[in-house]
Amino acid sequence: MIKKIIVFAGLILLTAALCTAEIWKAPDQEKAKERAKEVVPFIKEYKDDCQITRRMSLIDAGISIKNVQDVYFLLDSPVIKKREDHYEPVRFAHKRHAALTKDCTKCHHFRPKDENALETTRCSACHQDSFNPDHPERIGLKAAYHQQCMKCHQEEAKGPVDCKGCHLRNVPDHKNLVKLPDNADPFQVTAECLRCHDTQAEDMLKTAHWLWKGPSPYTTGHRKDIMHGKGTTALNNY
Amino acid sequence: MQLSRRSFFKIMGAAGASVTALPPSANAWKSKAPPDPYGCLVDLTRCVGCRKCEEACAEVNGLPTPERPNCQCIVFDKKRRPDDKAYTVVNRYFTGKLDQFDKPLPTYAKVQCMHCQDPACVSACIVGALTKDETGAVRYDATKCIGCRYCMVACPFEIPAYEYHDPITPRVIKCSFCYDRISKKGGLPGCATICPTEALTFGKRETIVKVAQKRLEENPGKYIDHVYGEKEVGGTSWLYISSVPFEKVNLPVLSDKPSPKLSETIQHSLFSYLWSPLALFGVLGALMYKSNKNQGEPENKGGY
Ligand code: SF4
Ligand code: SF4
Ligand code: SF4
């Protein structure tokens, strides 16, 4: 019981802190967002090595997955947004993928011809806008991402190959969609959400968030006793 | 004499051929293909069947949202054709190819107007409602169209559809090659813009043919060694490359001769001589007389 009170007090304090201080932002997410906004100079010429040569030269240069510094990228770019914008960008766990594949050349398949350039350049240096008449055989950034990710996921039979496995759909602006009176009460708000999201509501009714019961593999001692909640006391059931 | 449709055409063909034989070069057929059109390459090995092209096409052309836009399963159970509500559709084919886990591998193929270099539909249209543009687009002008639907019969790819449901102003419906977009500098067709894997490559036809040939060369064994549409019916603006035989994904085997060449040559040669219609009607008259005589007698006996 004491434990619970402490947790509760902690939660209240945390909420209070959030309200007063600025909203906390995840630093790596912010960094990824900034990075995704950059457009780097286009690399026209690349060295047409085969994958084995490529692996050898990475070993010669002393580059391996131990050197991976960037943990996380947002696969997004103004180059793609310029043409269309239907989905949220994919969050790509770079370091994790490197650790799983143990092979940088799977994605860093060629290098720039310029000897001074980095051995592993970012995708968007070589792949930019689609259908560039000067480089008709070079695929654009969006296609490069999709071909690379989907091919590997298929071959390895691991990782999603459908749209929603990686992307969220862009959330439409709800400003004009939601229609509520001023000072709406909670019932009105719920009803307004349900106006469009009835499937989600149906799904929600089957989850532990609604029932407050179900498998509890993560609770201390796998406790299953239910003290309060919508499924039991209906205290906060709206 | 029972005159079947087939034998009628045979006789007509012979009549046409004999007339064509007379003037060797006076009516030589000339291609009216634009010199530097745009083209679009469909690489079936890259298409993942996401149907985003269908959705984008509907969006940029103000068509109704495709049936189950996010579905990649039951929609593919039946083979679809472009119709009066969709300029383009994607179909799924199982051609016997297996992946590395021995699971049947689907091949997806997008269908739309091929924008032929010498389009049969344009040639068949008697009022000039269909025209081949400099951009390569075969354009349709609803204000000129009289609804005869000859284009639908003439098209070797069975593309044009008709708004049968509309009794007042029915139109012929087919892919416009996004003329309004591609005729502007840097403009791209809706479908090619959205395709996530660049299964659709847009550019000048000449460049696109080279890109296709290079892809075949650089990936030996991956593709069937043929660029579909490079020569078919005299060349089309939309081209296909594939790892499975083209007939299996409903791209018919067609001759390299533009379809208008044959029909126009016969028409023009027939009507370029004053006597030819006379000869034509003479032949027809004789046939009718003969068939009437044969049929007429027993009927007369029976009495009406
Ligand atoms: S595919 Fe058919 S409709 Fe399209 S241009 Fe060719 S003949 Fe005309
Ligand atoms: S070119 Fe335009 S009209 Fe034709 S299928 Fe693509 S999006 Fe539709
Ligand atoms: S958008 Fe591209 S990949 Fe998707 S179905 Fe159309 S052609 Fe295929």
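Note: hydrogens, waters and symmetry copies are ignored here, and every other heavy atom, side chains too, is used. Lettering follows sequence order; numbering is per chain, from 1.
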**Prompt:** How about A:Gln29 and A:Lys31: does a side-chain donor come under 3.5 Å of a side-chain acceptor?
**Reply:** no

**Message:** What part of A:Glu155 gets within 4.5 angstrom of chain B, counting heavy atoms only: side chain, backbone, both, or neither?
**Reply:** both

**Prompt:** Can you say whether A:Arg169 sits under 4.5 Å from chain B via the side chain, the backbone, both, or neither, judging by heavy atoms?
**Reply:** side chain

If you tally heavy-atom pairs under 4.5 Å against chain A, which of [options] wins?
options: B:Ala56, B:Cys50, B:Ala192, B:Ala199; answer: B:Ala192
options: B:Glu218, B:Lys210, B:Arg215, B:Glu198; answer: B:Glu198
options: B:Thr193, B:Thr207, B:Ile208, B:Val48; answer: B:Thr193

**Request:** Identify which of A:Gln154, A:His86, A:Glu84, A:Arg83 forms the greatest number of heavy-atom pairs closer than 4.5 Å to chain B.
**Result:** A:Arg83

**Complete:** Ranked by heavy-atom pairs below 4.5 Å to chain B, first place among A:Met150, A:Gln148, A:Lys142 goes to A:Lys142

**Request:** Heavy-atom distances under 4.5 Å only: say whether B:Leu41 touches chain A with side chain, backbone, both or neither.
**Result:** neither

**Item:** Engaged part of B:Asn70 at the chain A interface, taking heavy atoms whose separation is under 4.5 Å
**Value:** side chain

**Prompt:** Would B:Thr88 and B:Lys110 count as a side-chain hydrogen bond (donor to acceptor under 3.5 Å, both in side chains) if you check the C-alpha gap in whole Å, the side-chain angles of each, and the deciding distance to 0.1 Å?
**Reply:** CA-CA 7 Å; B:Thr88 184; B:Lys110 177 185 184 298; 3.0 Å; yes

**Prompt:** Can you check side-chain hydrogen bond (donor to acceptor under 3.5 Å, both in side chains) on B:Tyr223 and B:Asp43, steps first, answer last?
**Reply:** CA-CA 10 Å; B:Tyr223 295 97; B:Asp43 187 334; 2.6 Å; yes

**Asked** By side-chain hydrogen bond (donor to acceptor under 3.5 Å, both in side chains), which residues pair with A:Lys82, not counting sequence neighbours?
**Response** A:Asp129

**Message:** Ring centroids only, cut at 6.0 angstrom: are A:Tyr145 and A:His127 within range, meaning strictly under it?
**Reply:** no

**Message:** Between the side chains of A:Arg55 and A:Asp103, is the shortest nitrogen-to-carboxylate-oxygen separation below 4.0 Å, so that they form an ion pair?
**Reply:** yes

